[in-house]
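Below: the structure, in structure tokens.
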Amino acid sequence: MLTSRLREHNIDLKDCRGQGYDNGANMAGRIKGVKSRILEKYPQAIFCPCAAHSLNLVGVHAASSCPEVKTFFGSVNRLYVLFSNSPERWHTLTEEIAGSLHGLSDTRWSSRVEAIRPVAKKLPSILQALEKIISSRRLTSDAQSEAVGLYNYFSSFRAILLATFWLKVLQCFDERNKILQARSVSMEIGAANIRALAEEMKSLREKWPALLSEARLVADGMEIPAELMNTQQIRRKKSQTPGQLEDPEAVFKVNVFLVTLDTIISDLDQRFKSMEEICNLFAPILKLRKLTNEDLEASTKLLVAKYPQDLTDSLLDELQHLRKVYNETFEGSLGQLELLNCIYDLQLEGIFGQVCVALRIFITLPLSVAEGERAFSKLSLIKNYLRSTMSEQRLNSLAMLSIEHELANHLDFKELIKDFASSKVRRL
């Protein structure tokens with residue numbers, strides 16, 4: 001379908017220099033995926049999976065890394081469902097916390113931080129809301145059992161510790177995710193943010209005592225015993241053999257805290273390896289002022305060998321020339337797009353023609369396809385069960401208005417209404 005559609009628009013696939021899809025097997029599969037079939041015929045069309053989707057999968061994998069974490073996220077979602085199922089319960093909640101709760105989503109990982117933040121920041125108020133609806137005696141037997149179970153769970157030090165831990169992790173994820181989905185961010189900036197995120201996770205891995213102390217302060221303020229021991233652990237402790245971990249804090253650290261962070265760090269390294277490989281391939285233009293002459297020559301040969309139809313051996317001479325005149329010609333340390341624009345503004349493309357080609361290839365390599373996927377998400381929001389009979393023309397028009405809402409907000413609606421009225425008015 002892809003090749004036939006490109007042929008309809010007279011676009012030759014041999015001119016493709018980059019591919020970016022999600023991590024689905026039909027697109028990113030190593031044997032029969034779209035990227036593999038294209039790479040088989042056109043090796044220059046290098047593939048890099050969508051950075052935002054890959055980061056989302058890292059979080060989803062970490063959230064299912066151990067039973068404790070699954071239980072925590074499941075309880076957070078059940079808490080949202082309990083209150084959102086009744087307007088009266090929701091009103092009680094909003095009065096107590098002066099805000100709202102949010103549900104979880106596996107496809108939109110940024111929603112997790114919005115779901116965890118009120119639990120971590122306003123847990124005493126949430127517990128008060130649970131107390132009110134439990135004492136109201138207006139719940140069904142199922143809802144009553146659910147509310148009591150959630151109250152007991154979130155009144156434990158275990159839930160406080162998990163909320164404190166995951167809030168820190170998810171805030172780091174959310175900050176990097178917003179950068180990766182920005183329009184003007186290049187692959188170099190994306191790779192740098194992923195490296196920084198991995199370093200943050202490694203740093204957090206060494207801060208177990210500080211995390212435990214922070215959770216204890218919250219528990220003391222809520223007058224909750226800062227103990228991880230529960231009934232199941234007491235029964236299990238009797239059957240433990242000598243040499244096993246008996247300290248519940250040590251057990252939690254090994255089985256939950258370290259397992260989760262090690263999963264995140266490992267996945268960040270594996271899922272973003274292709275991005276690092278691409279940045280290393282384009283090292284001659286990304287690290288032009290930092291490489292030694294020997295490294296510049298070696299890396300330039302690799303880049304020219306990858307794109308024999310686009311680049312020639314003269315690229316090395318142009319890069320050496322550019323490095324000599326860089327400080328006197330350009331102001332400060334420029335990004336790749338700024339450098340390319342400055343070269344054209346100064347009309348130096350005749351001198352640095354090969355450099356311009358290399359810059360254009362790198363700049364157009366896709367970092368994320370999140371913006372394209374948002375267009376499909378808009379369709380499901382616009383055409384819901386209340387608008388199931390909408391015509392295709394109206395659906396396309398509403399989708400365009402929703403996607404281009406920034407442009408639509410600047411339109412003069414008075415003039416639009418006049419034009420609409422004049423075109424629809426009955427004429428004698």
Side-chain angles (χ1 to χ4, degrees), residues 17-20 39 43-49 51 54 176 179-180 182 184-203 265-266 268-367:
R17 294 296 176 267
Q19 303 180 70
L39 281 172
Q44 289 82 22
I46 57 179
F47 169 73
C48 182
S54 297
R176 305 299 174 181
I179 298 297
L180 294 178
S184 58
V185 172
S186 67
M187 193 166 295
E188 179 194 17
I189 298 175
N193 275 273
I194 294 300
R195 287 194 295 269
L197 178 60
E199 291 300 321
E200 285 178 348
M201 295 298 102
K202 292 177 183 178
S203 176
I265 294 169
S266 176
L268 287 174
D269 180 60
Q270 293 296 323
R271 293 187 181 277
F272 292 93
K273 188 173 293 184
S274 58
M275 186 187 296
E276 288 291 344
E277 291 174 353
I278 292 173
C279 290
N280 291 333
L281 177 64
F282 284 88
I285 60 174
L286 299 179
K287 303 177 181 178
L288 175 63
R289 304 168 70 186
K290 299 179 181 179
L291 294 176
T292 63
N293 290 330
E294 292 79 10
D295 292 338
L296 179 62
E297 182 177 356
S299 57
T300 303
K301 287 181 179 179
L302 293 176
L303 183 59
V304 172
K306 182 65 178 179
Y307 298 102
Q309 298 177 355
D310 306 310
L311 303 173
T312 63
D313 294 334
S314 62
L315 175 62
L316 178 60
D317 296 331
E318 291 186 10
L319 289 171
Q320 291 174 339
H321 183 192
L322 179 62
R323 183 154 68 173
K324 288 181 180 179
V325 303
Y326 191 98
N327 291 332
E328 294 77 19
T329 309
F330 307 103
E331 295 182 1
S333 181
L334 300 176
Q336 285 68 50
L337 181 59
E338 291 81 4
L339 177 59
L340 180 64
N341 289 332
C342 285
I343 290 176
Y344 276 92
D345 290 342
L346 297 174
Q347 299 181 355
L348 300 176
E349 63 271 18
I351 302 174
F352 302 112
Q354 290 287 295
V355 174
C356 290
V357 172
L359 285 170
R360 283 159 55 193
I361 293 174
F362 179 77
I363 291 170
T364 53
L365 291 176
L367 173 65

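Quick note: numbers below take in every heavy atom, side chains included, and nothing from hydrogens, waters or symmetry partners.
Expressed to the nearest 0.5 Å, how far CD1 of Ile194 lies from CG of Leu180 amounts to 5.0 Å. Atom CD1 of Ile278 and atom CD1 of Ile361 lie 12.0 Å apart (nearest 0.5 Å). Residue Ile285 holds its CD1 atom at 8.5 Å from CG of Leu339, rounded to the nearest 0.5 Å. Note that OG of Ser186 and CD1 of Ile363 are 8.0 Å apart. Values are rounded to the nearest 0.5 Å. Rounded to the nearest 0.5 angstrom, Leu348 CG and Glu318 CD are separated by 11.0 Å. To the nearest 0.5 Å, atom CE of residue Met201 and atom CD1 of residue Ile265 are 8.0 Å apart.
Side-chain atoms of Ile46 and Lys306, non-hydrogen and from C-beta on, do get closer than 4.5 Å to each other. Contact of the Cys48 side chain with the Glu277 side chain is not registered, since no non-hydrogen atoms from C-beta on lie closer than 4.5 Å. Using a 4.5 Å cut-off on side-chain heavy atoms (C-beta onward), Glu188 and Phe362 make contact. Contact check for Leu334 versus Cys342: side-chain heavy atoms found under the 4.5 Å cut-off. Within the 4.5 Å cutoff, the side chain of Ser299 has no heavy atoms near those of the Lys287 side chain.
Qualifying side-chain hydrogen bond (donor to acceptor under 3.5 Å, both in side chains) partners for Arg17, counting only residues two or more places apart in sequence or in other chains: Asp310. Tyr326 meets the ring pair (Phe, Tyr, Trp, His ring centres under 6.0 Å) test with Phe330; sequence neighbours excluded. Not counting sequence neighbours, the partners of Asp295 by the side-chain hydrogen bond (donor to acceptor under 3.5 Å, both in side chains) test are Thr292. For Phe272, the ring pair (Phe, Tyr, Trp, His ring centres under 6.0 Å) test picks out no residue, with sequence neighbours left out. Partners of Asp345 according to the side-chain hydrogen bond (donor to acceptor under 3.5 Å, both in side chains) rule, which considers only residues two or more places apart in sequence or in another chain, do not exist here.
Across every non-hydrogen atom of Pro308 and Gln44, the tightest pair is CD-NE2, 3.9 Å. Closest of all the heavy-atom pairs between Ile179 and Ile189 is CG2-CG2, 4.4 Å. The shortest heavy-atom contact between Pro49 and Ser54 is CB-OG, 3.9 Å. Heavy-atom minimum distance, Pro284 versus Leu319: CB-CD1, 3.7 Å.
Under the 3.5 Å distance criterion, the side-chain polar atoms of Arg323 are matched with a main-chain donor or acceptor of Leu288.
Within a 6.0 Å sphere centred on CG of Asn327, heavy atoms belonging to other residues, nucleotides or ligands number more than 12.
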Test side chain to side chain contact (heavy atoms under 4.5 Å, CB included) on Leu367 and Met275 and set out the steps. CA-CA 9 Å; Leu367 173 65; Met275 186 187 296; 3.5 Å; yes
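The pair Glu297-Lys301 meets the salt-bridge criterion, with a side-chain N (NZ, NE, NH1 or NH2) lying under 4.0 Å from an Asp/Glu carboxylate O.
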Name each donor-acceptor pair under 3.5 Å that joins a side chain in residues 350-359 to protein atoms two or more places apart or in another chain, with its distance.
| from | atom 1 | to | atom 2 | distance (Å) |
| --- | --- | --- | --- | --- |
| Gln354 | OE1 | Thr312 | N | 2.7 |
| Gln354 | OE1 | Thr312 | OG1 | 3.3 |

